[in-house]
A.B. asks: 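One structure, pasted below without further comment.
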Amino acid sequence: MKNLTFGDMLEFRENTMTLDYIAEKSKASSGGQRDLNFLKYLVDNNILKLTEAVMKRSDVNLTDECLLEHYKKMKYESERHFLCRTAIQEELKKIGIASFEGMGLGNMDILRANSTYDITIEDFSAAIDIGLAPARNYFRGLTDLRLRHYYITPFFDEYMDEVIFNVFTRVDDNTFIGAVKDYVTNSYEAPITGTNTEEFNDLTR
Amino acid sequence: MAIAVVYYLRRCFTNVIEMKIVIYFSSAVKKLIYFAVAVIISSLILFINMDYFHENNTIPGNSSVNSVPGDAKPSVAGTTRAKLAIIIDDFGQNRNGVAEMLSIKRNLTMAVMPFLTYTRTDAQTAHKNKHEVIVHLPMESYKGEPAWVGPRPIITTMKDFEIKKLVTDAFNDVPFAAGANIHMGTKAGGDQRVISDVLDVIKGRNLYFVDSRTGNTPVARNIAKKKKIICYENDVFIDGKDQSLDYMKNQLKAACEIAQKTGKAVAIGHVGAEGGKITAQAINEMLSYFDSKNIQLVFVSELGK
């Protein structure tokens with residue numbers, strides 16, 4: 001029997017949302033405008049590809065008690081966020097995919113920092129954020145080449161039948177790593193034009 | 001006449017010398033008595049102090065923790081009491097048995113899971129109630145659902161720096177931690193590279209490690225020995241397999257037997273679904289048994305002293 005992946009649960013489709021809209025809904029600027037500018041630069045220059053995927057839920061009647069019995073609620077996690085996170089983890093569990101909450105991902109050699117994700121698939125092939133996420137989460141995890149896709153769903157609520165993910169994927173590993181490796185230095189020059197370099201290097205945080 | 005005067009003076013002089021000798025002799029006796037009394041008093045003070053420190057060891061990184069008054073039992077001269085360290089796992093989330101366990105007035109070691117809703121409050125309350133606190137490190141397991149492991153577990157596919165960062169974050173999240181043990185971890189707990197990374201962080205903080213021995217191939221002891229880190233191994237799980245009070249009491253008796261044979265033993269119980277209130281009740285009901293068998297309940301940090 002073929003091992004199912006998270007991708008097998010999803011139905012990919014063309015974008016229906018712009019990056020600005022996703023960033024606004026997920027409050028991507030909360031971690032600093034510079035990160036958000038860099039994210040826009042990566043997408044505008046086709047270094048990061050943005051797609052959309054839909055996951056149909058098999059059970060929308062999960063109770064708080066049931067989920068609290070099987071999952072641990074993270075510190076500072078709201079009830080709503082806990083329900084949404086565990087609802088997705090339950091779906092993953094049903095097809096035999098192990099997932100962990102609150103894992104850090106990112107190559108420390110490239111960005112000297114990583115980001116924590118709400119859900120990480122056991123083999124690190126996918127990381128998922130629910131609700132709010134700073135812009136750095138969109139690209140920091142992807143510096144770890146084990147991570148193939150970053151999924152974010154800014155709209156999910158526990159009563160919804162479908163979960164709509166915005167998916168960020170590296171178009172080319174080398175180009176992506178080359179683009180982000182000097183990001184931590186202030187004097188970084190954009191190797192590919194397309195986004196205003198001054199805006200990109202804005203250090204406003 | 002002159003002879004009489006000389007004789008009289010000589011007699012007086014002799015009397016004076018005799019008196020001086022008597023006075024000198026009596027003061028020497030007094031000094032001897034004072035000295036003897038001083039020796040006896042200082043011996044008594046020394047004896048009392050030794051007994052006090054025997055019962056009142058401090059823990060690394062937590063020097064303000066004192067022994068619980070109810071635990072101060074006089075040691076029998078010429079015999080050493082067997083030591084039993086009871087660790088209670090899974091603090092930080094499920095409330096079953098938390099209050100009951102924290103109110104036990106004996107030396108217990110509370111293992112608190114990091115990154116959870118009640119992580120800080122449970123660690124702080126345990127410290128306030130004069131218990132020892134350790135980090136209950138979530139680790140990847142072969143058995144059980146991954147969701148049971150909890151947030152940010154250590155998994156075998158992680159890189160070295162990821163494991164070290166995670167362990168450091170866990171220690172920063174649990175205040176007053178004097179050491180660490182394993183939560184679940186049948187897979188990661190038997191991985192030499194993973195355990196080596198965990199122990200590197202523990203060594204850097206000068207703390208101790210307890211291998212809960214959840215897996216079939218515990219590796220921590222040998223690695224810790226090479227790295228010169230204090231490492232203990234679990235001897236008995238008090239609960240988990242059976243929820244009955246009798247089973248748990250029998251497990252505690254088994255731990256006592258090991259302690260009597262080897263001088264010390266480690267037993268692990270749980271708050272939450274695996275034990276909780278019943279485990280707390282079992283420990284409470286066994287306290288008089290421990291005393292009758294001359295078993296001293298100690299913190300894990302006191303096992304080696």
Side-chain angles (χ1 to χ4, degrees), chain A residues 62 64-79 81-83 85-127 140-141 143-147, chain B residues 89-96 112-124 136 138-170 172-175 183-188 271-274 276:
Chain A
L62 297 165
D64 305 14
E65 293 77 20
C66 168
L67 291 169
L68 266 168
E69 195 177 314
H70 291 95
Y71 293 90
K72 290 182 168 65
K73 187 167 163 286
M74 286 185 71
K75 193 195 289 186
Y76 310 125
E77 189 176 35
S78 67
E79 292 288 335
H81 189 276
F82 172 75
L83 291 173
R85 171 173 67 78
T86 50
I88 294 173
Q89 285 187 282
E90 275 290 294
E91 295 293 338
L92 290 167
K93 195 177 82 179
K94 279 178 187 166
I95 61 163
I97 297 174
S99 63
F100 301 107
E101 53 268 35
M103 299 285 276
L105 275 173
N107 191 328
M108 300 285 272
D109 295 332
I110 295 170
L111 280 175
R112 283 176 251 162
N114 59 17
S115 290
T116 305
Y117 295 93
D118 291 333
I119 302 170
T120 306
I121 306 295
E122 186 180 31
D123 61 0
F124 297 112
S125 61
R140 270 194 185 163
T143 57
D144 186 335
L145 296 181
R146 292 174 298 179
L147 184 66
Chain B
D89 282 354
D90 292 353
F91 280 92
Q93 170 97 353
N94 195 314
R95 311 318 290 157
N96 175 21
V112 183
M113 287 188 70
F115 317 123
L116 295 178
T117 314
Y118 298 105
T119 296
R120 280 198 166 264
T121 47
D122 278 357
Q124 282 164 344
H136 194 36
M139 285 191 178
E140 189 183 6
S141 191
Y142 288 118
K143 291 181 285 183
E145 291 180 26
W148 294 348
V149 182
R152 304 186 69 185
I154 297 165
I155 59 177
T156 49
T157 45
M158 279 178 157
K159 293 172 184 169
D160 292 338
F161 81 85
E162 289 173 324
I163 296 167
K164 287 176 184 176
K165 184 178 185 307
L166 213 159
V167 177
T168 305
D169 287 351
N172 291 341
D173 202 47
V174 180
H183 173 63
M184 295 182 77
T186 49
K187 190 175 181 185
V271 290
E274 285 192 78

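Within every chain, numbering begins at 1; the chains are lettered A, B, ... in the order of the sequence lines, protein sequences first and strands thereafter.
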A.B. asks: Atom CG in Asn94(B), atom NZ in Lys73(A): separation rounded to 0.5 Å?
C.D. replies: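 One gets 13.5 Å once the value is rounded to the nearest 0.5 Å.
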A.B. asks: State, to 0.1 Å, how close Glu101(A) and Gly150(B) come at their nearest heavy-atom pair, and which atoms those are.
C.D. replies: OE2-C, 3.7 Å
A.B. asks: More than 12 non-hydrogen atoms from neighbouring residues, nucleotides or ligands closer than 6.0 Å to OH on Tyr118(B), yes or no?
C.D. replies: no
A.B. asks: Would you say the side-chain atoms of Lys72(A) pair up with the backbone N or O of Trp148(B), donor to acceptor, closer than 3.5 Å?
C.D. replies: yes
A.B. asks: Which answer fits Ser99(A), side chain, backbone, both or neither, if we ask what part of it has an atom under 4.5 Å from a heavy atom of chain B?
C.D. replies: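 Answer is backbone: N, CA, C or O of Ser99(A) sit under 4.5 Å from chain B.
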A.B. asks: Sort by residue number and list every residue of residues 152-162 of chain B having at least one heavy atom under 4.5 Å from chain A.
C.D. replies: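 So the qualifying residues are Arg152(B), Pro153(B), Ile155(B), Thr157(B), Met158(B), Lys159(B), Phe161(B), Glu162(B).
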A.B. asks: Heavy-atom cut-off 4.5 Å, strictly under: side chain, backbone, both or neither for Glu77(A) against chain B?
C.D. replies: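 Neither; nothing under 4.5 Å.
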A.B. asks: Identify which part of Asp173(B) has an atom lying under 4.5 Å from any heavy atom of chain A, answering side chain, backbone, both or neither.
C.D. replies: both
A.B. asks: What is the distance from atom CG of Leu166(B) to atom CG of Asn114(A), rounded to the nearest 0.5 Å?
C.D. replies: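 Atom-to-atom, Leu166(B):CG and Asn114(A):CG are 9.5 Å apart.
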A.B. asks: Between Tyr76(A) and chain B, with a heavy-atom cut-off of 4.5 Å, which part of the residue counts as in contact: side chain, backbone, both or neither?
C.D. replies: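 Neither; nothing under 4.5 Å.
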A.B. asks: Please determine, among Lys93(A), Glu90(A), Glu122(A), His70(A), the option with the most heavy-atom pairs under 4.5 Å with chain B.
C.D. replies: His70(A)
A.B. asks: With only heavy atoms counted, which part of Asp123(A) is less than 4.5 Å from chain B, the side chain, the backbone, both or neither?
C.D. replies: neither
A.B. asks: Work out which heavy atom in Thr119(B) is nearest to a heavy atom in Lys75(A); give both atom names and the distance.
C.D. replies: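 Of all heavy-atom pairs spanning Thr119(B) and Lys75(A), the closest is CB-CE, 4.4 Å.
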